[in-house]
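Worksheet for the structure shown next.
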Amino acid sequence: MSWIPTSLTAALRAPGLAPLWRSVAWVAGLFSALIALGLLLQQLNPEKRDPWKSPELLALKQQLVSEPNNESLKQRIRDLDLRLRQRHAAHLARVRTGRWLLLGGLVVWVVAARQLAALRKTLPVPKPDPEAEQKAEQVAAWSRWAMAATGAGIGLALLTVAFSSRTALSPQPVAAAASDFATATELALNWPRFRGWDGSGVTLHTDLRLTWGTNSTAGIAWKSPIPAPGYNSPIVWGDRVYVSGGTAAKREVFCFDARTGALLWQRPIERVPGSPPKAPEVPESTGFAASTMATDGRRLYVIFANGDLAALGLDGTPVWSKNLGVPKNPYGHSSSLATWQDRLIVQFDQGEGEPGASKLLAFDGPTGRLLWQQSRPVEASWASPIVVELAGRPQIITLAKPWIIAYSPADGAELWRVEGMEGEVAPSPIAAAGLVLAVVPSMKLMAIRPDGAGDVTKTHVVWAAEDSMPDITSPVANDQLVFTVTTPGLLICFDLKTGSKVWEKELDLEFHASPSLVGNRLVLVSKTGVILECAAARQFKELGRSDLGEEVHASPAFAPGRMFIRTVKHLVCIGPAAQALAQQP
Amino acid sequence: MNLAGRIALAVVIGVLAWATGARAEQRFPPPEFESDYQMPAMTTPPPRALVWQYIDVGVLAVALGVAVWLVHRKRSRTGVLVLSVLSLIYFGFYRTGCICPIGAPQNVLFGLLNPNYAVPWPVVGLFVLPVVVALFAGRAFCAGVCPHGALQDLVLLKPVQVPLWLERGLSLVPFLFLGAGLAFAATGSIFLICKLDPFVPLFRRHGPTWSLLLGAAFLLVGTVVGRPFCRFICPYGALLRLAAMVTKWRVRVTPDLCTQCKLCEQSCPFGALRQPSSGTPDPRTLPVERRRLLALLLLWPALIAVGAWIGAHLTVPASRLHPTVRLAEFYLEHKKHPKQYPIQSPEALSLLRAEQTWPELQAAALQLRHRIGLSMKLFGGWAGLVVGAGLIGLAVRRSRTDYEPDSGACLACARCFESCPQELLRRGVPIPLPTAASAAQPQSVVANLPTAAQTTNR
Amino acid sequence: MTPASPPNPPVSRRAFLRDGVRLGAMTGLGALLGLASTRSKAKPGYVWQIDPNKCVRCGNCATACVLKPSAVKCVQAYPICGYCELCTGYFVPEPNALTTAAENQVCPTAAIRRRFIEEPYYEYSIDEELCIGCGRCVEGCTRFGNGSFYLQIRHDRCLNCNECSIARVCAGDAIHRVPASQPYFIKTTAHE
Amino acid sequence: MRRLVSRRWFVGRGVVAAVLGRLAAVVGAEARAAKPPANPFAYDITKFRTIDPKWLHYQQVAQFKVPRSEARRVAIGPDQNLYVSAGNYVCVLNTAGQRLNEFALPSPVRCVAVAGDGLVYVSLRDHLEVLDSKGQRRASWESPNKKTWFTGLAVGDNDLFAADSGNRVVLRYDRSGKLLKRIGEKNPDRNIPGFVLPSPFLDVELHPDGLLRVNNPGRHQVLAFTVEGDMELAWGKPTMAIEGFCGCCNPIALAILPGGRIVTCEKGLPRVKVYSVRGELESVVAGPATFADNAKACDPTDCTTGGLDAVADRAGRIYVLDPVANDLRVFARRDGPTASSQAS
């Protein structure tokens with residue numbers, strides 16, 4: 001191999017060949033450059049060529065979903081699809097050949113350019129260099145600096161990287177914080193707020209005896225005195241029942257054992273930062289503890305008429321408390337609390353609609369931090385908000401004069417609003433069969449489609465039934481019928497789909513408690529303590545009544561096999577007696 | 001049917017046997033076809049057969065042998081050139097890279113530290129052979145066997161000399177790169193050296209745009225700067241450099257008498273050729289140099305400590321190169337600032353996995369980060385060590401009587417041989433005649449000869 | 001002076017030093033070989049492969065491979081295929097009709113061949129030249145079917161990079177080195 | 001001069017390439033930094049995951065774990081107790097989920113049925129066992145077929161029906177274990193299409209109207225057979241839409257409500273639905289949202305690990321077994337005409 005290459009190289013390096021090599025080098029170089037550029041462009045945006053990303057094709061396929069029998073459309077899809085895929089294949093082939101061409105071009109270029117370079121090579125003309133040594137010293141010095149600089153430079157670069165990066169990764173568990181609230185199922189199986197988890201007054205625990213005839217107390221499992229007055233309704237979590245009570249002097253939370261009725265603990269809410277030293281004047285008709293408590297399954301929340309708001313652990317240990325200011329409210333604050341995930345939702349309406357007076361507030365359950373607040377263009381109201389999943393999104397539904405407004409619990413953004421609330425708004429909204437039902441006190445019942453945005457007064461009111469309507473109690477509904485009962489005792493049944501009246505019935509009773517649904521049974525508790533059970537059906541049918549013999553203003557709460565009713569003095573449990581319960585799961 | 005083919009068949013059969021083995025009877029029967037339908041088998045084309053890996057090692061060994069012979073015995077630049085072309089074709093364009101000796105150190109270390117990856121013998125061979133050769137005969141691998149080197153060598157057209165001081169300054173980089181590559185490989189984070197390799201994508205004619213462009217850029221720079229990757233980046237080169245420093249048979253411009261004609265001075269495009277320097281130091285500078293050396297020796301441990309300290313602080317960003325840690329961090333970030341990722345997007349699916357396996361993932365990530373922190377400290381220490389050693393190396397004065405390549409930096413490309421008149425005489429190759437371009441040239445040569453003689457007689 | 005003549009004293013000291021270091025290096029390499037031999041029992045080496053039970057069909061296989069089109073392809077495990085007429089791996093979620101027309105196919109490159117066997121059974125097979133390894137069909141088959149479609153790295157195409165660029169971004173952490181002697185996962189799911 | 005030009009040319013190209021490289025890098029970086037693009041390869045079925053509330057007439061009233069792992073099928077006895085086949089056991093639970101009794105068997109129990117007289121019929125993979133109400137083994141019946149794979153049982157006053165997925169047939173035995181008939185095998189003359197089973201989910205139920213109901217998952221249908229093996233009617237159509245059955249093989253399990261309406265269970269998109277006897281969809285009991293674990297079970301492993309089973313009690317409550325979550329959920333109608341009647 002010694003002589004062949006040498007002679008060969010000698011031949012190739014005949015000086016005469018220089019121009020040839022030069023032109024070859026130029027041609028090959030330009031050729032390669034062009035190919036390389038082409039390939040680069042192909043490489044830079046391949047997406048354009050990917051058939052599966054063609055917006056046109058996607059659009060056509062989308063269109064086909066809406067018009068499945070459009071043959072010409074199908075044909076267009078097929079043609080386009082074929083065209084796109086052929087283009088894709090062509091692109092791949094092009095790139096493949098392009099790469100080989102580039103390789104070839106470069107080989108030729110390298111060979112030619114090398115020959116050229118060899119031909120141009122001339123022997124160096126070294127001159128004796130007297131100060132070579134000094135130069136060497138110079139270079140040595142520079143070298144030291146260069147090396148130090150390299151080291152330092154890299155070191156600094158690494159340092160900047162090191163100190164510009166933060167991390168959240170640590171041995172602490174994070175998942176715990178994620179679910180600091182009960183699941184929807186848990187909430188639904190308990191009675192975590194006024195009128196149940198979704199505020200509809202419907203219980204999932206349908207196997208319970210509600211009445212037992214009038215002249216006995218057979219149905220009463222137990223009956224325990226509540227140490228402090230209050231119009232709020234009981235809430236239930238697990239086998240605990242909670243109520244609040246209050247006077248100008250002292251405001252408290254009480255916890256009862258659901259099985260035995262024993263008062264397990266009572267916790268005064270005192271030394272609340274910002275709480276007025278002297279309790280405000282509030283009328284007897286509402287008192288200090290008209291608002292029902294709420295729980296997210298981890299903490300209890302309670303609010304009083306003096307604006308004190310507090311969170312307790314399920315065992316009564318204080319978590320946080322604050323004062324929202326004494327509400328400007330002729331009857332005293334009575335809107336009940338609501339929760340969403342680990343958030344507390346407070347509807348705090350006051351005044352005559354002066355801007356900024358009425359608010360909707362969301363607090364972080366564990367800390368009490370204010371997460372967001374929305375000022376509401378409404379007057380004081382006494383209705384309670386509900387938080388429900390409607391039209392695929394969680395919504396807070398609020399009633400007050402003059403607006404029905406829905407908010408997003410995540411950020412408080414207003415979702416939609418409907419005008420038309422009048423009078424003193426006390427009945428709370430409910431959601432049934434995908435509709436929102438709102439009572440305009442003693443005037444009408446409205447059904448609203450909750451999938452709108454902005455002011456949907458014109459567009460989303462499905463129906464409105466003008467009739468003698470409640471001024472205190474809230475409606476209740478299954479997915480076919482809606483029931484309302486007025487204070488003087490007029491019970492009306494509407495068709496949920498149409499709003500047409502199905503039947504009405506004069507009851508010889510007065511009502512402050514809102515009606516409830518137990519399976520297909522409608523339960524009413526009268527002001528005088530009469531429990532009335534009738535069929536939630538298209539004809540009125542009384543199924544039974546019993547008498548507690550005590551005044552009742554609060555709405556009942558439910559647990560598996562039990563119903564809890566707060567009378568003016570007592571907490572009453574309707575259901576099998578404690579020892580009977582022991583066997584039950 | 002060739003050997004590979006037969007092995008392929010064996011593998012397929014093996015796989016099928018394994019597939020239709022123990023659990024087969026558990027399988028719910030597919031439909032019984034009334035037509036005489038034969039159910040096709042799933043094809044399993046085998047990977048590149050094992051023999052070929054041994055063959056590669058064999059070829060490597062042979063090529064190394066030839067290279068040594070060409071450089072030390074035959075002393076033929078042309079030969080080396082031809083060999084490098086062949087290597088480029090075989091190791092480069094035919095074998096398209098992985099696993100190559102440059103990446104092999106990572107596999108070796110990874111294999112030694114990772115229980116469920118045992119280094120295959122061929123890989124060990126790829127790693128060891130060039131080093132051994134370098135220990136005895138210099139960087140023959142770089143000269144004509146490494147496809148990366150060959151490629152750059154071929155495109156080197158108009159060498160410009162990189163100033164020596166810059167050369168020395170940058171010569172630190174390969175060592176640091178080697179340290180980083182090993183540090184990451186040891187923890188299984190990433191094979192950095194392979195990830196950043198600029199030429200393998202060219203050999204494959206496939207790869208991410210950025211790396212193809214990187215390769216192109218290196219080649220373009222390489223047309224004027226001799227082998228930029230080999231000199232200023234290549235981590236394996238750093239290893240071989242260390243080995244070649246203590247090589248037994250050094251590459252010399254000529255085995256014969258050096259006439260100090262300086263004709264070879266410019267002939268090395270890689271800045272490896274060193275001028276003669278009298279070992280006798282200048283008495284005026286001597287104390288300064290002594291003090292400098294002393295200071296550096298004392299400074300060395302401090303440098304190492306600083307390096308380790310920096311390394312320790314690199315733990316967090318470095319550990320992000322490990323997919324597991326990265327996922328854990330991504331998950332936590334997502335928990336803090338939730339973001340809606342499109343349905344079935346990789347991000348969404350990764351987050352789902354993190355969600356489902358969080359405690360284990362967290363534990364794994366933390367453990368990994370601990371290990372990575374350790375290796376980063378070591379890397380930092382190594383960096384300090386390298387810088388210190390470099391400075392000290394400069395501080396000690398070497399004496400050279402002749403023009404000769406620095407045995408560590410010399411890539412044994414045999415270029416300088418051609419430029420030495422003595423060598424050409426020895427080989428009976430005609431000395432190139434002066435061209436019109438340099439008329440003054442012959443005298444200069446002649447003029448130098450006596451001075452050379454004097455210097456030697458001194 | 002001639003090459004034969006003994007070198008000057010300082011050089012010889014250096015030479016001695018060098019010999020020492022070289023010896024050390026050699027012993028070091030020897031030790032390394034020893035260690036390696038204890039660790040690697042003539043392992044035939046490794047290849048990259050996808051564990052179908054960890055694969056989550058994120059689509060990275062189609063995009064992240066250094067090869068275009070990817071070395072990952074969908075494979076059909078015929079013995080566990082249901083030969084369904086309505087193949088959720090072949091048809092889009094709501095096919096307009098159970099025909100091979102473009103608008104009904106889930107595969108973006110029409111790489112799945114549908115062949116009638118007998119009422120009501122159809123054979124589905126993959127044309128690897130067209131398949132890009134996106135895993136859309138795998139998702140459909142796995143979600144509603146027997147999971148007889150699944151993604152595998154095809155070793156006649158795979159370059160077996162030292163650093164598999166898909167493995168680095170795999171959303172399911174499904175890609176790992178497997179012994180080259182068993183280069184494929186063969187699905188044998190017991191249907192229970 | 002040319003040389004200079006050419007050098008500049010080299011350098012120029014170098015610069016151009018470098019610039020392009022940087023550009024590409026920057027573009028790439030931005031592409032990565034920007035919000036992720038939708039996965040072009042997504043197989044999107046999200047819109048089928050949510051169910052129109054107008055169908056949801058049921059609500060969950062209870063949920064409890066199955067005391068043993070690997071729950072497969074559930075049956076209800078005349079005593080209104082639940083018999084759950086789980087692992088190698090048959091667990092007897094009351095409707096509140098308390099374990100009342102437990103029968104151990106030698107190998108995994110595929111399915112179970114309880115006769116009016118309290119006898120418990122259990123199918124292991126390839127044969128049947130008869131237990132008394134105390135769990136004492138009374139008899140063991142072999143299957144006439146090879147590669148038998150029992151996946152469904154139904155028992156009437158004097159017949160037992162066993163669905164054999166392995167042989168794609170429903171076997172009719174008398175109560176003494178004598179094989180009387182092979183029902184549902186492909187038979188063009190009696191225009192019986194035959195069962196198409198991509199995976200072993202063949203179920204059989206005895207309907208109050210005296211006909212058998214058998215699912216034909218590969219055809220996305222429910223078939224009605226006389227006990228003599230004549231096919232009377234078939235309903236069900238393949239679609240992802242709520243009113244039909246989707247995927248490769250659905251429905252996978254059946255249950256009969258008092259009054260004869262038919263409950264169907266599906267895998268893939270885990271759904272439990274109620275159909276009229278004629279096969280019109282009446283309501284959806286629960287969907288993927290409820291059975292999240294089950295829905296996930298289909299990825300990353302394949303869908304044969306998913307699936308549901310259901311039974312209905314006298315009060316019309318539906319008990320759904322989720323083998324993935326290994327629990328039972330109890331559903332009752334919202335406007336329950338059934339809800340008031342006391343269960344257990």
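These figures come from a predicted structure and were not determined experimentally. Here is the naming used below: chain letters follow the sequence lines, and residue numbers restart at 1 for every chain.
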For this session: Inspect the contact between D:Lys186 and C:Glu118 and indicate whether a charged nitrogen and a carboxylate oxygen are less than 4.0 angstrom apart.
Result: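 Salt bridge between C:Glu118 and D:Lys186, a charged N being under 4.0 Å from a carboxylate O: no.
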Problem set entry | Test side-chain hydrogen bond (donor to acceptor under 3.5 Å, both in side chains) applied to D:Asn187 - qualifying residues, sequence neighbours left out | none
Exercise. Hey, mind stepping through C:Leu86 and D:Cys248 against side chain to side chain contact (heavy atoms under 4.5 Å, CB included) and telling me if it holds?
Worked result: CA-CA 6 Å; C:Leu86 167 54; D:Cys248 87; over 6 Å; no
Of all heavy-atom pairs between [X] and [Y], which one has the smallest distance, and what is that distance?
X: D:Ser199; Y: C:Asn146; answer: CB-OD1, 3.5 Å
X: D:Gly247; Y: C:Thr88; answer: CA-CG2, 3.6 Å
X: C:Ala62; Y: D:Phe41; answer: CB-CE1, 3.8 Å

Please determine, among [options], the option with the most heavy-atom pairs under 4.5 Å with chain D.
options: C:Cys137, C:Pro108, C:Pro120; value: C:Pro120
options: C:Arg136, C:Glu85, C:Glu119; value: C:Arg136
options: C:Cys87, C:Cys84, C:Gly59, C:Cys134; value: C:Cys134

Exercise. Name the one of C:Thr142, C:Val138, C:Val106 that satisfies side-chain contact (heavy atoms from CB on, under 4.5 Å) with D:Tyr43?
Worked result: C:Val106
Exercise. Listed by residue number, which members of residues 237-245 of chain D have a heavy atom under 4.5 Å from any heavy atom of chain C?
Worked result: D:Pro238, D:Thr239, D:Met240, D:Ala241
Problem set entry | Contacting moiety of D:Asn250, where chain C heavy atoms sit under 4.5 Å |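 Neither part.
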Exercise. Where on C:Tyr150 is there a heavy atom nearer than 4.5 Å to chain D: the side chain, the backbone, both, or neither?
Worked result: neither
Problem set entry | Verdict with supporting geometry, D:Phe48 and C:Glu94, side chain to side chain contact (heavy atoms under 4.5 Å, CB included) | CA-CA 10 Å; D:Phe48 304 109; C:Glu94 258 182 324; 3.5 Å; yes
Problem set entry | Step-by-step side chain to side chain contact (heavy atoms under 4.5 Å, CB included) determination, D:Val196 to C:Tyr83 | CA-CA 10 Å; D:Val196 180; C:Tyr83 288 79; over 6 Å; no
